Amino acid sequence: MLRQFEFYSWRVSYRELLSQKDPGESIWDEIVGSKDPIVFTVFLEDSVALVGTALAFVGIFLGHMLDKQYLDPIASILIGFLLTGVALLLRRESGALLVGERTNRARIERIRRIIQAEPSVETGR
């Protein structure tokens, strides 16, 4: 039952990321370029929870079916690496938002075109 809530939360955050991204952008570009840490934090946290659950299941299942007890702890170690990787990514992205970060080039170029197309804006050159 708890995983259903996790999946629902992941789906909502995924849809929100899709709605925020530019047409030529990937989900990864939106995560890295996003200025809203709430959406990408929920998305990444839920993604790692779902993948971790699948890894735990596979480790336990294969360990039992193949009678290899070491597969369960290997799956646990992989889950730990996955959690560490996402934590480091979240630290980097949230830290960049705290100290200030420029937006991606496509967004800057789109804003530049909008401003240049406005007849009331002088070029200043």
Side-chain angles (χ1 to χ4, degrees):
M1 180 74 167
L2 188 59
R3 292 296 149 210
Q4 290 173 340
F5 291 122
E6 199 80 55
F7 180 73
Y8 178 75
S9 175
W10 177 86
R11 194 174 70 186
V12 168
S13 64
Y14 179 73
R15 286 182 178 167
E16 184 62 27
L17 277 175
L18 285 178
S19 73
Q20 291 178 1
K21 78 178 191 70
D22 293 331
E25 273 186 331
S26 67
I27 289 292
W28 179 253
D29 292 333
E30 180 58 33
I31 289 170
V32 173
S34 177
K35 301 301 176 215
D36 183 8
I38 295 170
V39 175
F40 70 75
T41 299
V42 170
F43 175 74
L44 290 173
E45 188 274 336
D46 289 342
S47 296
V48 79
L50 293 171
V51 171
T53 301
L55 278 172
F57 173 78
V58 168
I60 292 169
F61 179 77
L62 289 178
H64 180 72
M65 294 303 291
L66 301 175
D67 198 28
K68 308 280 187 196
Q69 286 77 25
Y70 58 84
L71 293 177
D72 182 15
I74 288 175
S76 296
I77 291 169
L78 290 175
I79 293 168
F81 285 142
L82 187 63
L83 288 168
T84 301
V86 169
L88 291 173
L89 175 65
L90 286 173
R91 186 186 118 219
R92 188 189 86 191
E93 291 304 315
S94 297
L97 290 172
L98 286 173
V99 297
E101 169 185 61
R102 79 181 242 174
T103 190
N104 65 27
R105 288 187 181 102
R107 202 167 276 155
I108 291 172
E109 190 56 38
R110 191 172 72 237
I111 292 169
R112 183 176 286 127
R113 282 194 310 268
I114 291 169
I115 292 171
Q116 289 173 343
E118 177 59 42
S120 64
V121 174
E122 297 180 14
T123 60
R125 291 183 188 170

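Model, not experiment: these values are computed from the prediction.
- Residues Asp46 and Tyr14 fail the side-chain proximity criterion, which asks for heavy atoms closer than 4.5 Å.
- At least one donor-acceptor pair under 3.5 Å links the side chain of Ser19 to the backbone N or O of Glu16.
- At a threshold of 4.5 Å between side-chain heavy atoms, the hydrophobic network of Ile, Leu, Val, Met, Phe, Trp and Tyr places Trp28 and Leu17 in one connected group.
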Counting only pairs under 3.5 Å, give me each side-chain donor-acceptor contact of residues 68-91, with atom names and distances, residues two or more places apart or in other chains.
{"unit_1": "Gln69", "atom_1": "NE2", "unit_2": "Asp67", "atom_2": "OD1", "d": "3.0"}
{"unit_1": "Ser76", "atom_1": "OG", "unit_2": "Asp72", "atom_2": "O", "d": "3.3"}
{"unit_1": "Thr84", "atom_1": "OG1", "unit_2": "Gly80", "atom_2": "O", "d": "2.8"}

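- Put simply, Phe57 and Leu55 are part of the same group of oily side chains (I, L, V, M, F, W, Y) that touch within less than 4.5 Å, one to the next.
- Interatomic distance, Ile38 CD1 to Ser13 OG, rounded to the nearest 0.5 Å: 12.0 Å.
- Atom CD1 of Ile115 sits about 11.5 Å away from atom CZ of Arg113, to the nearest 0.5 Å.
- Both Leu18 and Leu44 are part of a single hydrophobic cluster, where members link through side-chain heavy atoms under 4.5 Å apart.
- Leu50 and Val48 fall within a single hydrophobic cluster, where Ile, Leu, Val, Met, Phe, Trp and Tyr side chains are chained together by heavy-atom contacts under 4.5 Å.
- Here CD of Glu45 is found 13.5 Å from CZ of Phe40. Values are rounded to the nearest 0.5 Å.
- Linking Ile, Leu, Val, Met, Phe, Trp and Tyr residues whenever their side-chain heavy atoms come within less than 4.5 Å leaves Val42 and Phe7 in two separate clusters.
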